[in-house]
Amino acid sequence: MKLGLVLGGGGGRGAYQIGVWEALKDLGIDKHVKVISGTSIGALNAMLFMQGDMDIAKKAWVSLHQDEILPIEKKDIILKSKMRIFNTASRINKILDLKPDLLYEGEFSREGLLKVIDEFLDTEKALNSSIRCYCTVADVESKEKKYFRVEDYNEETIKNILLASSAIPGLYDAVEINNRLYLDGGLKDNVPIDPVYNEGCDFIIVVRLCPEDVVEHDKYPNAQIIDIALKENKEVNNEGLFDFTTETINQKMKAGYDETMNLIGPIFMLMENMVRIDGKQVNKGFMNKLKGLLKK
């Protein structure tokens, strides 16, 4: 079995993924992850996961300040005028038909994300991990998704990849990497299962943050997928994207932990009990039923 982990995009709701990670750690699962992929905030969390320090990841999230991401007094205006565009089905194609300043002249700085990268992300340590990592971006020119395998790039380029993966058009500048412009990976693939699946992972844990995102199980016939999704009211979905208040971050981390333990914990306890009953071999019939359960 080869285990993969997929971290979807979703702005401030990304704290939920830190809680999921903590649960996987307590269950002893995180150390078996071989490939990880992420989009937008999920890309940053993927790099923190590679680094392997839960305490640092929590500190990084709690250190975020609302005004460093999106000033609270301007949040409602931005959400109403631009996030409606971002959430359309043909996201990048519609956006690229707009005037160029929406692509290249973002209204806000990247101070918050840059602070996290500079203060909390040890790129060298992350790259020394045995985990292979992919970060998703949207190519402005080709209008296609691109998965950067971070191990192939230096520290400065990796920083730009993380900035590009979360460069929401109209809010943040498009990012140039090797003479090409890139925007938020969520425009093309907000739940990047493909790079993990293509690496041969036959067991994949997916952590979704946006209710409109779905997992198309039929596209991955050779993999068993555990789908962990943040439970949030679809009508207030956009609000959660830019809520980086400390209280909400702590709530999301706790929710990620509790929901993962509720979903996966009993399954692993049952597996351990079967091992004790049958010795070193788990009953094959039980395992087949378990795989069917996980795929639902």
Side-chain angles (χ1 to χ4, degrees), residues 5-18 20-21 36-50 57 60-61 64 68-70 75 78-79 82-83 85-88 91-92 95 103 106 108-117 120-121 133-140 144-150 158-175 177 181-196 206-215 228-230 232 237-244 248-249 252 256:
L5 178 62
V6 177
L7 304 178
R13 294 189 301 259
Y16 179 86
Q17 294 172 339
I18 303 301
V20 173
W21 171 15
I36 187 169
S37 65
T39 293
S40 196
I41 199 66
L44 173 63
N45 284 338
M47 291 293 295
L48 291 172
F49 186 94
M50 287 179 72
W61 269 92
L64 290 171
E68 294 174 338
I69 306 297
L70 188 68
K75 185 175 69 171
I78 293 297
L79 289 174
K82 290 174 181 173
M83 292 311 296
I85 299 169
F86 180 70
N87 282 325
T88 56
R91 292 166 174 173
I92 196 169
I95 288 170
L103 296 176
F108 301 100
S109 75
R110 308 310 304 276
E111 179 183 351
L113 180 56
L114 285 169
K115 185 181 84 168
V116 169
I117 294 172
F120 298 100
L121 181 59
C133 178
Y134 291 87
C135 296
T136 314
V137 298
D139 188 306
V140 170
E144 296 295 334
K145 59 191 174 186
K146 178 178 176 62
Y147 306 114
F148 280 104
R149 191 173 72 178
V150 298
I158 290 173
K159 181 186 293 187
N160 285 330
I161 291 170
L162 292 176
L163 289 172
S165 187
S166 58
I168 298 174
L171 300 188
Y172 306 115
D173 292 340
V175 178
I177 302 172
L181 286 171
Y182 298 98
L183 286 168
D184 192 301
L187 295 166
K188 295 302 294 184
D189 189 359
N190 206 40
V191 186
I193 298 174
D194 287 0
V196 172
V206 176
V207 189
R208 294 186 292 118
L209 302 176
C210 296
E212 66 268 23
D213 292 329
V214 297
V215 174
I228 303 174
L230 171 65
E232 188 163 82
N237 180 43
N238 286 342
E239 283 291 335
L241 281 171
F242 292 105
D243 188 347
F244 288 88
T248 301
I249 285 172
K252 291 290 191 289

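Here, residue 1 is the first one in the sequence, and each next residue gets the next number.
Pairing each heavy atom of A46 with each of C133, the nearest pair is CB-SG, 4.0 Å. The shortest non-hydrogen separation linking F244 to I249 is O-CD1, 3.5 Å. Between Q17 and G8, the shortest heavy-atom distance links the atoms NE2-O, 2.9 Å. The minimum heavy-atom distance between P192 and T136, with the atom names listed, is CB-OG1, 3.3 Å. When every heavy atom of A57 is checked against every heavy atom of I18, the shortest pair comes out as CB-CD1, 4.1 Å. What you find for P195 and Y134 is that their closest heavy atoms are CB-CG, 3.7 Å.
The backbone N or O of V6 lies less than 3.5 Å from no partner atom in the side chain of S37, so there is not a single donor-acceptor pair. Judged purely by atom type and a 3.5 angstrom limit, R13 has no side-chain atom pairing as donor or acceptor with the backbone of L230. Although no hydrogens or angles enter the test, the distance criterion places a donor-acceptor pair under 3.5 Å between the side chain of S165 and the main chain of S40.
The CG atom of L7 lies 10.0 Å from the SG atom of C135; values are rounded to the nearest 0.5 Å. We find the CG-CD1 distance between L44 and I161 to be 13.0 Å, quoted to the nearest 0.5 Å. Atom CG of N45 and atom CD1 of I36 lie 8.5 Å apart (nearest 0.5 Å). Atom OH of Y172 and atom CG of D184 lie 10.0 Å apart (nearest 0.5 Å). The distance from the CG atom of L209 to the CD1 atom of I41 is 9.0 Å, given to the nearest 0.5 Å. Here the CG-CE distance, from L121 to M47, works out to 5.0 Å after rounding to the nearest 0.5 Å.
Stacking of K145 on the aromatic ring of Y147 is not recorded, the 6.0 Å distance cut-off and the 45° axial limit not both being met.
Counting heavy atoms from C-beta outward, V140 and Y182 have side chains that stay 4.5 Å or more apart. Side-chain contact check for V215 versus R208: some heavy-atom pair is nearer than 4.5 Å.
If you check the side chains of T248 and D243, you find a donor sitting under 3.5 Å from an acceptor. Side-chain contact annotation: T39 with N190, donor-acceptor N/O pair under 3.5 Å absent.
Not counting sequence neighbours, the partners of W21 by the ring-ring contact (aromatic ring centres under 6.0 Å, His included) test are F49.
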